[in-house]
2 protein chains.
Amino acid sequence: MRFSKQRELIQHIVQGTNSHPTAYWIFNKAKKKISNISMGTVYRNLNKLNNDGVIKIFYDNNIARYDWNTVAHDHLKCNKCGKITDINMHTKELQKKVWNQYKFEADNIEITISGICNNH
Amino acid sequence: MRFSKQRELIQHIVQGTNSHPTAYWIFNKAKKKISNISMGTVYRNLNKLNNDGVIKIFYDNNIARYDWNTVAHDHLKCNKCGKITDINMHTKELQKKVWNQYKFEADNIEITISGICNNH
DNA sequence: AATATAAATAGTAATAATTCCTATTACTGT
DNA sequence: ACAGTAATAGGAATTATTACTATTTATATT
């Protein structure tokens, strides 16, 4: 993969926030540095970075969010303020379990827990 | 809520399959019985049925799928054949855990595990 | 059974998220 | 410096979903 300043910027934006941003948020942030950047470029590079394991994509209901944290982890989503918090649910155990019980080779386990966070 | 034959049909379609169908699949199935049914009607009723706890909505990446099984459960998704299988991961324990560790009141826990199923 | 009314529908337009397409641009190896 | 290749911008196209509105229909009331 060749270097591109657009991709570098997109990577830095994702890596510079804990807010689990959407593509649209990243696009708006990127426009401030490269005013003519397009959504196509944002999506293409986010997918590329995800495929290369540089960042991680996950889904909050039906919209994609992007995470600098590529280590396996899970999310708490507050239904009141929308805040998404990283947590760790030891998915290794689940991975073993689905293999033993269902002979299913898990390569990705996503746990999203919604409810009410400790600010409410 | 008033009776409608459209909603009744939609409910029966969802309750008659284990395939975790999309709105579009349900729409096509419904058209065979009520040829002029519209997508708006399908979505409106699926949401209504979900809100009433008659069926359950969940998200497979960025698309909505509908499930007759309203008891809390989880899903295995095969990356080769796309098949989605119901499993049970005892999320009660996770619910306790996030309360103890994070003081987070979980009301919904979604676990989606993707990988390769036992047909491959 | 006829009527009123409130709710649901069909059909379509609008929106939102994402992917696709193509002419153009710009790294990189020679 | 130049050619070849890969990435880009910008916009069109697609897909999923929601919103709007005139019309129809289920149900309660007479």
Side-chain angles (χ1 to χ4, degrees), chain A residues 1-14 19-52 54-67 75 77 82 84 110 112 114, chain B residues 1-14 17 19-52 54-67 75 77 79 82 84 110 112 114:
Chain A
M1 181 160 50
R2 261 180 22 187
F3 171 85
S4 96
K5 68 175 199 287
Q6 287 85 349
R7 182 162 51 248
E8 188 176 57
L9 172 60
I10 289 163
Q11 179 176 338
H12 272 81
I13 289 171
V14 175
S19 70
H20 306 89
T22 63
Y24 186 66
W25 188 94
I26 294 162
F27 169 66
N28 279 309
K29 206 109 204 263
K31 270 204 299 199
K32 289 173 187 167
K33 297 265 181 185
I34 301 176
S35 63
N36 65 340
I37 199 168
S38 73
M39 263 306 219
T41 298
V42 171
Y43 273 106
R44 188 172 2 84
N45 284 304
L46 286 169
N47 285 331
K48 228 168 246 182
L49 292 167
N50 176 64
N51 291 336
D52 287 13
V54 178
I55 64 171
K56 199 160 190 300
I57 189 173
F58 71 99
Y59 290 91
D60 168 22
N61 286 347
N62 57 348
I63 87 154
R65 291 184 178 273
Y66 301 87
D67 203 332
H75 296 107
K77 162 122 192 227
I84 296 172
E110 296 271 336
T112 300
S114 52
Chain B
M1 182 160 48
R2 246 175 38 179
F3 170 85
S4 94
K5 67 174 196 289
Q6 287 85 348
R7 181 163 51 248
E8 188 176 54
L9 172 60
I10 288 163
Q11 179 177 337
H12 274 80
I13 289 171
V14 175
T17 182
S19 70
H20 306 88
T22 62
Y24 185 67
W25 188 94
I26 295 161
F27 170 66
N28 279 309
K29 205 107 204 263
K31 268 203 301 199
K32 289 172 185 168
K33 298 264 180 186
I34 301 174
S35 63
N36 65 339
I37 199 168
S38 72
M39 260 309 218
T41 298
V42 171
Y43 274 107
R44 188 171 3 82
N45 283 305
L46 286 169
N47 285 330
K48 228 169 244 180
L49 292 166
N50 175 64
N51 290 337
D52 287 13
V54 178
I55 63 171
K56 199 162 190 296
I57 190 173
F58 72 98
Y59 291 93
D60 169 23
N61 286 350
N62 56 348
I63 88 155
R65 291 184 177 273
Y66 301 87
D67 203 331
H75 296 107
K77 162 124 192 225
N79 290 330
I84 295 172
E110 295 275 336
T112 300
S114 52

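Model, not experiment: these values are computed from the prediction. Chain letters run A, B, ... following the sequence lines, proteins first, then strands; residues in each count from 1. Side-chain atoms are counted along with the backbone in the values below, which use heavy atoms only and exclude waters and symmetry mates.
In the set C:dG11, D:dA9, C:dT9, C:dG11 carries the atom at the smallest distance from any side-chain atom of B:Asn36. Considering only side-chain atoms of B:Phe3, the nucleotide from C:dA17, D:dT8, D:dA26 that sits closest is D:dA26. For B:Arg44, whose side chain is taken as the heavy atoms from C-beta onward, the closest listed nucleotide among C:dT18, C:dT9, D:dT8 is C:dT9. The A:Asn47 side chain lies nearest to C:dT19 when the options are C:dT19, D:dA16, C:dT18. Side chain of B:Tyr43, nearest nucleotide from D:dT8, D:dT18, C:dA8: D:dT18. Here the side chain of B:Ala64 is nearest to one of D:dA7, C:dT18, D:dT17, namely D:dT17.
No option in B:Phe58, B:Tyr66, B:Trp25 other than B:Phe58 meets the ring-ring contact (aromatic ring centres under 6.0 Å, His included) test with B:His20.
Map A:Tyr24 and B:Thr41 each onto its nearest nucleotide of DNA chain C; the residue landing nearer the 5' end is B:Thr41.
Annotation: the span from A:Ile34 atom CD1 to A:Lys5 atom NZ amounts to 5.0 Å, rounded to 0.5 Å. Between atom OH of residue B:Tyr43 and atom CD1 of residue B:Ile26 there is a gap of 9.0 Å, rounded to the nearest 0.5 Å. Taking CG from B:Leu46 and CD from B:Gln11, the interatomic distance works out to 10.5 Å, rounded to the nearest 0.5 Å. Here the CG-CD1 distance, from B:Asn45 to B:Ile37, works out to 7.5 Å after rounding to the nearest 0.5 Å.
Between the P atom of C:dA17 and the CD1 atom of A:Ile26 lies a distance of 13 Å, rounded to the nearest Å. For the pair B:Arg7 CZ and C:dA10 P, the computed distance is 12 Å after rounding to whole Å. Taking atom CG on A:Leu46 and atom P on D:dT8, their separation rounds to 12 Å, with Å as the unit. Taking atom CD1 on A:Ile63 and atom C1' on D:dT15, their separation rounds to 16 Å, with Å as the unit. Remark: P of D:dA6 and CG of A:Asp52 are 15 Å apart, rounded to the nearest angstrom. Atom CG of A:Asn51 and atom C1' of D:dA7 are 16 Å apart (whole Å). Residue B:Met39 contributes atom CE, which lies 16 Å from atom P of D:dA19 at whole-angstrom precision. Between the P atom of C:dT18 and the CG atom of A:Asn50 lies a distance of 13 Å, rounded to the nearest Å.
Nucleic acid contact for B:Lys5: none, since no nucleic acid atom lies under 4.0 Å from a heavy atom of the residue. At the heavy-atom level, B:Asn61 lies nowhere under 4.0 Å from the strands shown. Nucleic acid contact for B:Ser38: base, since at least one base atom lies under 4.0 Å from a heavy atom of the residue.
Between B:Ser4 and C:dT9 there is a side-chain N or O to OP1 or OP2 distance below 4.0 Å. Between A:Asn62 and C:dA16 there is no side-chain polar atom (N or O) within less than 4.0 angstrom of OP1 or OP2. Regarding contacts with the backbone of D:dA7, every side-chain N or O of A:Gln6 stays at 4.0 angstrom or more from both OP1 and OP2.
For B:Arg2 against D:dT25, a side-chain-to-base donor-acceptor contact under 3.5 Å is present.
Annotation: A:Lys77, atom NZ; neighbour count of heavy atoms from other residues, nucleotides and ligands within 6.0 Å is above 12.
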